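The next block holds one structure in the form of structure tokens; read it before the comments.
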Amino acid sequence: MRAEMKDGTKVVVVNDNGNSGKVSTSKFSHLLASQDRDFLLSPTGAQVKVSDLEGKVVGLLFAANWYPPCRGFTQILVGIYEELKSSVPQFEIVYVSSDEDLDAFSSFYGNMPWLAIPFSDLETKKALTRKYDVEGIPCLIFLQPDYSKEDTTVRDGVELIYRYGIQAHPFSNERLEQLQREDKVKLENQTLINLLANHHRDYVLSHTYTGVKQVPVASLVGKTIGLYFSAEWCVPCTKFTPKLISVYEKIKQELAEKGEEDFEVVLISSDRDQASFDSYLSSMPWLALPFGDAEIKNLVRHFNVQGIPCLVIIGPDGKTITVHGRSLINLYQENAYPFTNAKVEELEKQLEEEAKGLPALVYHEGHRHDLNLVSDGKGGGPFICCVCDEQGSNWACYQCLQCGYEVHPKCVRTVDRGDNVLVDPLVAYRN
């Protein structure tokens, strides 16, 4: 027989012979314990009673070793956890594993300083996944000491950590609302000066043939500025940077022909050492914040940068135009300037018109199936071109309806199949 106190804090199991079994006084017991287990694993291998979590803020980390974003997020979370635990003992994290086997679990958990549900307890892990509707990993759920009230549960812990870091503690809805109010004020008061300068530095760096020189941030006010979050060690960054350099130089040339100097890019580096930063900046024609500058972390959080490369566009008034500058460069190259909504709408309409003249069906030399023209409202959507690896928009692309292969119209190389298939160039688009 199982008896439970009305407040849910105590569970007593009574055996058939009338003797009491395990007793748990933790509100977390029915979540994290099982019928034959009232403990969690610690990094040392010791067993920690679930009841020890009483009165603590607890984060449930759903993750797995086989998924790279989980590994990246875990590294960030470890730093925050260790910093918090040194001053806030009433905080804990519990790892809920989706690892494929015990060896993988042991290897991944070996890098974590917090508690874990035993790998063998599949039922508890499944129950937690169902309870919190976990549809993807990494996922971090924060439970307050009185977690029985559903409105106290914070479900978007991953975004909270990426955006605010340790400032999000105690990871409550009240704290989240406070941070969002502060963000709103910051956005309303945002200027280029308060983004890029501080009390100790009022300049950015420029790499010239004679060395590095200082450029006043004030000299950039009134221009369209691209904040380029990047690093030399990042493979996608090394692929995108040459493209951005080409676009940057074309925009600068077009503006110079008009007698204008209204565009600049500033590198916000995530390089791991000064030498890497110096090497990376030397390959670029634009400006940069100094390596390791304190404003870098503030900018990452302010714009919620969760991956690099990322290009944030700031308008002449110091306000954010878009955080999707990278996508716009991939889609429209130098034509994207000045990156405003009005400019993007103009480009989309132009491409829509161009799409009307494209063949409805093609046979591409790089694929074994027919490719159908699809567009916005007709099966189209954002995509990555399988030929050039660049992002595509929803205006038009060629798509294999059998396997999902997608390419830009500009990347299609048509070949004759030799089966006399007739193609009406406008049927698919108009219908």
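These numbers come from a predicted model, not from an experiment. When reading the values below, keep in mind they use all heavy atoms of this one structure, side chains included, and skip hydrogens, waters and symmetry mates. Residues: numbered from 1 along the sequence shown.
Under a 3.5 Å cut-off, the side chain of S86 and the backbone N or O of E83 do form a donor-acceptor pair. No donor-acceptor distance shorter than 3.5 angstrom exists from the side chain of D99 to the backbone of D101, with no hydrogens or angles considered. Between the N194 side chain and the T191 main chain, a donor and an acceptor come within less than 3.5 Å of each other. With hydrogens and angles disregarded, no donor-acceptor distance shorter than 3.5 Å links the side chain of S276 to the backbone of R272. Formation of a donor-acceptor pair under 3.5 Å by the Y109 side chain with backbone atoms of L41 is found in this model. Between the side chain of K125 and the main chain of F119, a donor-acceptor pair closer than 3.5 Å is present. Listed for the S29 side chain is no donor-acceptor partner under 3.5 Å among the backbone atoms of A33. No donor-acceptor pair closer than 3.5 Å links the side chain of R201 to the backbone N or O of P290. In this structure, R326 contributes its side chain and I308 its backbone to no donor-acceptor pair below 3.5 Å. Judged by distance alone, the side chain of K223 and the main-chain N or O of P316 form no donor-acceptor pair under 3.5 Å.
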Exercise for the section: Under the side chain to side chain donor-acceptor pair (under 3.5 Å) rule, what do D183 and Y164 come out as? Steps first, then yes or no, please. Expected result: CA-CA 10 Å; D183 282 348; Y164 301 111; 2.3 Å; yes
Practice task
Go through the steps to decide whether L267 and L227 satisfy the test side-chain contact (heavy atoms from CB on, under 4.5 Å), and finish with yes or no.
Solution key: CA-CA 6 Å; L267 172 66; L227 302 180; over 6 Å; no
Practice task
Would you sort out whether N330 and K243 count as a side chain to side chain donor-acceptor pair (under 3.5 Å), showing the intermediate values?
Solution key: CA-CA 8 Å; N330 280 333; K243 183 183 303 180; 2.8 Å; yes
Exercise for the section: Would you sort out whether L160 and F171 count as a side-chain contact (heavy atoms from CB on, under 4.5 Å), showing the intermediate values? Expected result: CA-CA 8 Å; L160 206 60; F171 311 105; 4.1 Å; yes
Practice task
Please step through side-chain contact (heavy atoms from CB on, under 4.5 Å) for the pair E334 and E254, ending with a clear verdict.
Solution key: CA-CA 9 Å; E334 65 274 12; E254 291 176 3; 4.0 Å; yes
Practice task
Evaluate the side-chain contact (heavy atoms from CB on, under 4.5 Å) criterion for residues I225 and V266: first the C-alpha distance (whole Å), next the side-chain angles of each, then the deciding distance (0.1 Å), finally the verdict.
Solution key: CA-CA 7 Å; I225 304 295; V266 179; 4.0 Å; yes
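No side-chain heavy atom of R130 sits less than 4.5 Å from a side-chain heavy atom of L128. For the pair T320 and V312, the minimum side-chain heavy-atom distance is below 4.5 Å. No side-chain heavy atom of K213 sits under 4.5 Å from any side-chain heavy atom of L205. Two residues are said to be in side-chain contact when any heavy atoms from C-beta on lie closer than 4.5 Å; N298 and E295 meet this criterion. Two residues are said to be in side-chain contact when any heavy atoms from C-beta on lie closer than 4.5 Å; T129 and V134 meet this criterion.
S279 and E232 share a donor-acceptor pair across their side chains, judged by distance under 3.5 Å alone. A donor-acceptor contact under 3.5 angstrom links the side chains of D278 and Q274, judged on distance only.
In this pair, W114 and Y81 present their aromatic rings perpendicular. The plane angle is above 60°, beyond the 30 to 60° band. Ring geometry, F303 versus F229: the interplanar angle exceeds 60°, so the pair is classed perpendicular (tilted spans 30 to 60°). The aromatic rings of F91 and H169 sit perpendicular, their planes meeting at an angle over 60°, well past the 30° parallel limit. Between Y337 and F263, the ring-plane angle classifies as perpendicular under the 30° and 60° cut-offs.
Here the shortest heavy-atom pairing between L31 and T124 reads O-CG2, 3.5 Å. What you find for L32 and L40 is that their closest heavy atoms are O-CD2, 4.1 Å. Closest non-hydrogen pair, F39 versus P118, comes out as CE1-CG, 4.3 Å. The heavy-atom pair separating G307 from C310 by the smallest distance is O-CB, 3.6 Å. Smallest separation of non-hydrogen atoms from V78 and P113: CG2-CD, 3.7 Å. C237 and Y228 get closest at one heavy-atom pair: O-OH, 3.6 Å.
In this structure, H302 places its NE2 atom where more than 12 heavy-atom neighbours from other residues, nucleotides or ligands lie under 6.0 Å away. Within a 6.0 Å radius of NZ in K349, no more than 12 heavy atoms belonging to other residues, nucleotides or ligands are found. More than 12 heavy atoms of other residues, nucleotides or ligands shown are found within 6.0 angstrom of CD on Q178. The neighbour count for E188 CD, taken as heavy atoms of other residues, nucleotides or ligands under 6.0 Å away, is above 12. At most 12 heavy atoms of other shown residues, nucleotides or ligands fall within 6.0 angstrom of atom CD in E261.
Between E92 and K85, at least one side-chain N (NZ, or NE/NH1/NH2) sits under 4.0 Å from a carboxylate O, which counts as a salt bridge. Here E249 does not pair with K252 in a salt bridge; the nearest charged N to carboxylate O distance is not below 4.0 Å.
Screening T238, T241, D271 for a side chain to side chain donor-acceptor pair (under 3.5 Å) with Y280, the sole residue that qualifies is T241.
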Determine all donor-acceptor pairs shorter than 3.5 Å in which one atom belongs to a side chain in residues 58-73; sequence neighbours excluded.
unit_1	atom_1	unit_2	atom_2	d
W66	NE1	S98	O	3.0
R71	NH1	N65	O	2.5

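Between Y248 and W286, the distance from one ring center to the other falls under 6.0 angstrom.
Here salt bridge (Lys or Arg N to Asp or Glu O under 4.0 Å) pairs that include residues 105-122, with residues two or more places apart or in two chains, are R37-D121.
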